[in-house]
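Here the structure is laid out as structure tokens; the discussion comes afterwards.
This one's a predicted model, so the numbers in the text were calculated from it and none came from an experiment. This chain uses plain numbering: 1 for the first residue, then up along the sequence.
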Amino acid sequence: VQLQASGGGLVQAGGSLRLSCAASGRTSNNYAAGWFRQAPGKEREFLAAINWSDSSTRYGDSGKGRFTISKNNAKNTVYLQMNSLKPEDTAVYYCATTYRVGMVVTAKDYAYWGRGTLVTVSS
């Protein structure tokens, strides 16, 4: 499975961005896709996950309220809509996929990762 994340960039506080993650290769056995982020000096943080089959979702504390995960199965693409961005949202954002059942939230449970896309929020 190959994942290509895009959509990052520089945005002012209060603005919005939509990240995309295009999956290719043998994706049929993947249970869910997730978004994580990692700020300098911090651990990778779970934001949200979505089930490929039934579109059920799960959000981490940092993803609740302002972020929305969605997908387009026809395009094998997962999105992360981020609204009301804050400077503390500045990080590299990663998409990942997992075979593990149960909407897991830890990075080690995700088998495939994209390279990440940088989001910078200015104050």
Distance-only polar pair, side chains of [X] and [Y], donor-acceptor under 3.5 Å:
X	Y	answer
Tyr93	Arg37	yes
Ser62	Glu45	yes
Asp109	Thr98	no

Over all heavy atoms of both residues, which pair between [X] and [Y] is shortest? Give the atoms and the distance, please.
X	Y	answer
Ala91	Gln38	CB-O, 3.5 Å
Ser122	Leu10	CB-CD1, 4.3 Å
Ala33	Tyr110	C-CE2, 4.3 Å
Asn30	Val1	ND2-CG2, 3.6 Å
Gly102	Tyr31	N-CE2, 3.4 Å
Leu80	Ala48	CD1-CB, 4.5 Å

Is any side-chain heavy atom of [Y] closer than 4.5 Å to one of [X]?
X	Y	value
Thr117	Ser6	no
Gln81	Ser70	no
Lys71	Asn76	no
Ile69	Val78	yes
Asp89	Met82	no
Val119	Leu19	yes
Trp35	Cys21	yes

Open item on the list: Check for me, please, whether Trp113 and Val104 land in the same ILVMFWY cluster - side-chain distances under 4.5 Å, paths through other members count.
Closed with: yes

Open item on the list: Between Tyr99 and Val101, is there shared hydrophobic-cluster membership here, with clusters defined by ILVMFWY side-chain heavy atoms closer than 4.5 Å?
Closed with: no

To the nearest 0.5 angstrom, please state how far the [atom1] atom of [X] sits from the [atom2] atom of [Y].
X	Y	atom1	atom2	value
Gln4	Thr77	CD	OG1	11.0 Å
Asn83	Leu17	CG	CG	9.5 Å
Lys64	Arg58	NZ	CZ	8.5 Å
Arg26	Gln2	CZ	CD	11.5 Å
Arg100	Thr106	CZ	OG1	7.5 Å

Task: Pair listing, ring-ring contact (aromatic ring centres under 6.0 Å, His included) test, anchored in residues 40-75, at least two apart - done: Phe36-Phe46

Task: Charged tip of Arg115 within 45° of Tyr94 ring normal and under 6.0 Å - done: no

- [ ] Output yes when a side-chain donor or acceptor of Thr90 lies under 3.5 Å from a complementary backbone atom of Val121, and no otherwise.
- [x] yes

Open item on the list: Tell me whether the count of non-hydrogen atoms from other residues, nucleotides or ligands lying under 6.0 Å of CG in Asp54 goes above 12.
Closed with: yes

